[in-house]
Amino acid sequence: MKPALFTYHRPGTLPDALALMAEHRGGARVLAGGQSLMPLMAMRMTRPEQLVDINRIDELKGIRDTGDTLTIGALTRYSEILRAPLIADSLPLLSEAIRHVAHHAIRNRGTIGGSLALADPSAETPATCLALCARIVARSSAGEREISVDAFFEGLMSTALAEDEILVAVRIPKRPAKVPHAFLEFARRKGDYAQAGIILAPSHGGVAENRAVVFGIGSTARRSAALEGAMTNGLSAEAKAALQQEVTAIIDDDEGAAYKLPIVMTLAERAMGRLKP
Ligand SMILES: Cc1cc2nc3c(=O)[nH]c(=O)nc-3n(C[C@H](O)[C@H](O)[C@H](O)COP(=O)(O)OP(=O)(O)OC[C@H]3O[C@@H](n4cnc5c(N)ncnc54)[C@H](O)[C@@H]3O)c2cc1C
């Protein structure tokens, strides 16, 4: 199939892009890497009337050291993140996660901002940003705001971004390479979206709390209180029962629970094992 008719805009500056988003509020969509949006349009699962291509806007590209955090521009491609020494040194968990995203061709075009804005519950990047305590920077022609990742993912492929906002960057507290972490997922084939995944990010100087995230189940990646407790007290029989209860409550059909629950439980044991010195 081919997409429904749309008007294509390619602004050269962020203010011009924001003016278009404000003018066509609701009818306009941002085009970043196009790796998800173009197939969705081709299948007519979405029909934006106006497409605002942000690929010429240099201000949205690149990774900057901003003290205790790294600021990653929304239009930074997965492949650039994988190559960046700053990420290898200060956010190795993010590189590990992105190595699981799709294949080379998609990683060469797909962007961190596109993945966060899409908010797929099985995607690695939103889940990892949740584990890393990220802050999302959104801008509209009225100004800029920062949204905690805890409030950003609102439901299935739905975020706190307003219709006229562009996600401009994500700010992530640095996490030194020597601090342990665990990233584990199960996918049917290499490069597929995860059937289920677990991320453990123990507290460190920059983030005062243990963060554990389960993704690939339910409508959005979410923190697991059971696993966060287990990161301090061990994965006891009580902790396993609590995790089982959490996962069963998230998956609302029996068939899905029968398939995914054993995967999550196995990943949880393996992930906890990775944190041991
Ligand atoms: C075959 C295939 C396999 C894939 N496998 C995986 C996988 O295993 N794991 C995974 O995580 N992903 C996977 N993906 C998706 C890929 O990671 C996409 O690149 C990503 O989800 C979207 O990024 P994008 O830059 O291409 O965004 P686009 O497709 O351009 O946009 C996606 C959505 O986000 C919005 N958007 C984009 N940028 C912004 C912004 N800056 N501000 C506001 N809204 C914005 C768009 O309007 C659109 O609604 C796969 C894709 C394909 C085609």
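One-based numbering along the sequence shown. Indexing begins at 1, ligand by ligand and atom by atom, following the structure's order.
- Across all non-hydrogen atoms, the minimal contact from I198 to F215 is N-CE2, 3.8 Å.
- I112 is not connected to M157 by any chain of hydrophobic side-chain contacts under 4.5 Å among Ile, Leu, Val, Met, Phe, Trp and Tyr, and they are in different clusters.
- A continuous path of Ile, Leu, Val, Met, Phe, Trp and Tyr side chains, each step under 4.5 Å between heavy atoms, connects L116 with I87, placing both in one hydrophobic cluster.
- Nearest protein heavy-atom contact of atom 14 (N) of ligand 1 is Y193 OH, 3.1 Å.
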Would you please test R211 and E209 for salt bridge (Lys or Arg N to Asp or Glu O under 4.0 Å) and show each step? CA-CA 6 Å; R211 290 178 77 100; E209 56 187 358; 2.5 Å; yes
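- Ranking protein heavy atoms by distance to atom 30 (O) of ligand 1, first place goes to G34 N, 2.7 Å.
- Evaluated by nearest non-hydrogen atom to atom 4 (C) of ligand 1, the leading choice among S36, A28, A102 is A102.
- Of the N or O atoms in I106, none lie within a sub-3.5 Å distance of an N or O in ligand 1.
- Of the N or O atoms in G191, one or more lie within a sub-3.5 Å distance of an N or O in ligand 1.
- With hydrogens left out, the protein atom closest to atom 41 (N) of ligand 1 is L167 O, 2.9 Å, a heavy atom.
- Proximity of R10 to N55: side-chain heavy atoms (C-beta onward) are nowhere separated by under 4.5 Å.
- The closest approach between any non-hydrogen atom of I54 and ligand 1 is below 4.0 Å.
- Heavy-atom contacts of D192 reach the following atoms of ligand 1: 8 (O) (cutoff under 4.0 Å).
- Checking side-chain atoms of N210 against main-chain N and O of A201 turns up no donor-acceptor pair under 3.5 Å.
- Counting only heavy atoms of the protein, atom 46 (C) of ligand 1 lies nearest to V30 O, 3.0 Å.
- Relative to atom 11 (O) of ligand 1, the option among E124, R29, E185 with the closest non-hydrogen atom is E124.
- Under a 4.0 Å N-O distance rule, the pair E80/R107 does not qualify as a salt bridge.
- Contact annotation for T111 and ligand 1: heavy atoms of both the backbone and the side chain come within less than 4.0 Å of the ligand.
- In this comparison of S115, A117, G33, the heavy atom closest to atom 24 (P) of ligand 1 sits on G33.
- For ligand 1 and G110, the ligand atoms under 4.0 Å from any heavy atom of the residue are 19 (O), 25 (O), 26 (O).
- For atom 53 (C) of ligand 1, the closest non-hydrogen atom of the protein is Q35 O, 3.3 Å.
- In the candidate list G114, P126, S122, G114 is nearest to atom 37 (C) of ligand 1, counting heavy atoms.
- In this structure, K240 pairs ionically with E269, as a charged nitrogen and a carboxylate oxygen lie closer than 4.0 Å.
- Clustering ILVMFWY residues whenever any of their side-chain heavy atoms sit less than 4.5 angstrom apart, transitively, puts I72 in a cluster other than the one holding L60.
- Taking both residues in full, the closest heavy atoms of L40 and L118 are given as CD1-CD1, 4.4 Å, listed atom of the first, atom of the second, then distance.
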What pairs of donor and acceptor atoms, side-chain ones from residues 163-174 against any protein atom, are under 3.5 angstrom apart with sequence neighbours left out?
unit_1: D164; atom_1: OD1; unit_2: R25; atom_2: NH1; d: 3.3
unit_1: D164; atom_1: OD2; unit_2: R25; atom_2: NH1; d: 3.0
unit_1: E165; atom_1: OE1; unit_2: R145; atom_2: NH2; d: 2.9
unit_1: E165; atom_1: OE1; unit_2: A162; atom_2: N; d: 2.8
unit_1: E165; atom_1: OE2; unit_2: R145; atom_2: NE; d: 2.7
unit_1: R171; atom_1: NH1; unit_2: E146; atom_2: OE2; d: 2.3
unit_1: K174; atom_1: NZ; unit_2: D65; atom_2: OD1; d: 2.9
unit_1: K174; atom_1: NZ; unit_2: D65; atom_2: OD2; d: 3.2
unit_1: K174; atom_1: NZ; unit_2: G67; atom_2: O; d: 2.7

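- Scanning all protein heavy atoms for the shortest distance to atom 17 (O) of ligand 1 gives Y78 OH, 2.7 Å.
- Atoms of ligand 1 lying under 4.0 Å from at least one heavy atom of L118, given by number and element, are 21 (O), 33 (C), 34 (O).
- Looking at L37, L116, V168 and measuring to atom 29 (O) of ligand 1, the nearest heavy atom belongs to L37.
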